[in-house]
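Read through the structure below, which is laid out as structure tokens, and then see the notes.
None of the values given here were measured: they were computed from a predicted structure. First listed ligand is number 1; within each ligand, the first listed atom is number 1.
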Amino acid sequence: MSLSEFELIQHCFAEQAAAYTHPDVRLGIGDDCAIIGPSSGQDLLLTVDTLVAGVHFPENLPPYQIAGRCLAVNLSDLAAMGAKPAWFTLALTLPEANETWLREFSRGLFALANSADISLVGGDTTRGPLSITIQVHGYVPAGRALRRDGAKPGDQVYVSGTLGDAGAGLKLCLAGNRENSDFLVRRFVSPTPRLALGQKLLEVASAAIDISDGLLADLGHILERSAVGAELQVDWLPLSDELCELVGQNEAQKLALSAGDDYELCFCVPVERAAKLELIAEQIGVTLSHIGVITEQAGLRLINEAGQPVTSAQMGYQHF
Ligand code: ADP
Ligand code: MG
């Protein structure tokens, strides 16, 4: 890397990173390693995700949005386990060190990083096809993290926000129809990691996951890890007006079940804690929807308002 490129990286990342440093960071960007003095009494949670241009996001997505999305999907994993964000690293592979691109990327990155109180402590920059790897670390009080394996028969199943929006938004983006529905496109491009909700769920939830691959797939992970099943009411799935207007109720339900990228949380709560959960929803101002119940019988069953089974053929799927 040339000196001017190095200065550019310094400017776009090191200087911006200095604006917020987590108190446990002893040394941030600038040496061979970052140094962290982890707090005692806390478990440290970490996760890494790579986003490759043309695979995980459309090639022509503006850099501001690429950065935000890449950090958001990582923060969503912290949210799913109830963690409070602490610091992150960034490995960037770029076809060229384009100043305008890097400045916009940096702006998008720190807009979200600063709002989530997470500090950038290091990274790597290489030349190649555009790809972004972010590793995030966060804290949960020792032994308290929300996992996928704690769901029990009788627990109520909930999701945050609305489902299916990002799936429709991605289709609009790919078809070059970004202006068609601002809301749906935004739901794909800038997902909101449910950090405040995740941390509050530590008080009430028995299991949680973030919805990256679609409700059926992701709830399926909870069921498998917890060795339980579930019954879901398809009519209780939270759908946005924008989605229903664009694709109709039936298609909206299908997207809600199977489209990914919404990054809402799906979680289980024992019945006796339902009232406490309602208070939490009010406190943090996120809509939570009760969509079903965990069962002893394995597998995932869909039913309609009349209690009748909804078949996979009706929903247009081969298997759930
Ligand atoms: P080294 O060769 O020792 O790995 P580098 O020259 O790659 O060091 O990086 C110098 C410093 O800049 C390191 O502290 C590294 O963490 C940081 N850095 C490099 N690229 C990035 C990036 N994309 N984002 C954040 N920090 C970075
Ligand atoms: Mg080194």
Side-chain angles (χ1 to χ4, degrees), residues 1-39 42 44-79 83-139 189-193 195 263:
M1 198 182 290
S2 72
L3 183 62
S4 63
E5 283 176 334
F6 186 75
E7 280 166 358
L8 190 58
I9 302 285
Q10 282 296 308
H11 179 69
C12 288
F13 299 110
E15 285 172 30
Q16 311 299 320
Y20 170 72
T21 309
H22 188 281
D24 292 353
V25 176
R26 305 279 177 265
L27 185 65
I29 292 178
D31 213 311
D32 290 313
C33 298
I35 306 177
I36 309 288
S39 301
Q42 305 281 314
L44 195 53
L45 278 68
L46 56 106
T47 178
V48 63
D49 262 309
T50 297
L51 271 69
V52 178
V55 178
H56 302 101
F57 59 88
E59 307 250 9
N60 60 357
L61 199 64
Y64 183 98
Q65 298 178 341
I66 295 174
R69 187 160 196 284
C70 193
L71 182 56
V73 304
N74 276 284
L75 290 173
S76 176
D77 283 326
L78 289 182
K84 197 171 175 351
W87 49 81
F88 70 107
T89 58
L90 166 70
L92 260 183
T93 303
L94 301 168
E96 53 169 350
N98 176 308
E99 178 166 351
T100 316
W101 194 97
L102 274 167
R103 282 184 192 281
E104 277 302 291
F105 183 91
S106 163
R107 220 166 54 81
L109 187 75
F110 287 102
L112 180 56
N114 293 338
S115 78
D117 285 338
I118 189 164
S119 56
L120 177 64
V121 295
D124 192 27
T125 313
T126 53
R127 212 179 284 280
L130 179 60
S131 139
I132 299 117
T133 298
I134 288 181
Q135 183 177 46
V136 292
H137 292 215
Y139 280 128
V189 168
S190 351
T192 307
L195 288 161
Y263 294 98

Show which atoms of ligand 1 fall inside a sub-4.0 Å distance from at least one heavy-atom site of [X].
| X | answer |
| --- | --- |
| Leu120 | 25 (C) |
| Asp31 | 13 (C), 14 (O) |
| Ile29 | 12 (O), 14 (O), 17 (C), 25 (C), 26 (N) |

- Checking side chain to side chain contact (heavy atoms under 4.5 Å, CB included) for the pair Leu109/Phe13: CA distance, chi angles, key distance, verdict? CA-CA 9 Å; Leu109 187 75; Phe13 299 110; 4.0 Å; yes
- Message: Any side-chain to backbone donor/acceptor pair from Thr93 onto Gly128? Under 3.5 Å, distance only.
- Response: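 Pair absent, no side-chain N/O of Thr93 close to backbone of Gly128.
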- Item | Check: Val52 main-chain N/O paired with His56 side-chain donor or acceptor under 3.5 Å |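 Confirmed, His56 side chain pairs with Val52 backbone.
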- Query: Does the gap between the ring centers of Trp87 and Tyr139 come in under 6.0 Å?
  - Reply: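 Between Tyr139 and Trp87, which both carry aromatic rings, the centre distance is below 6.0 Å.
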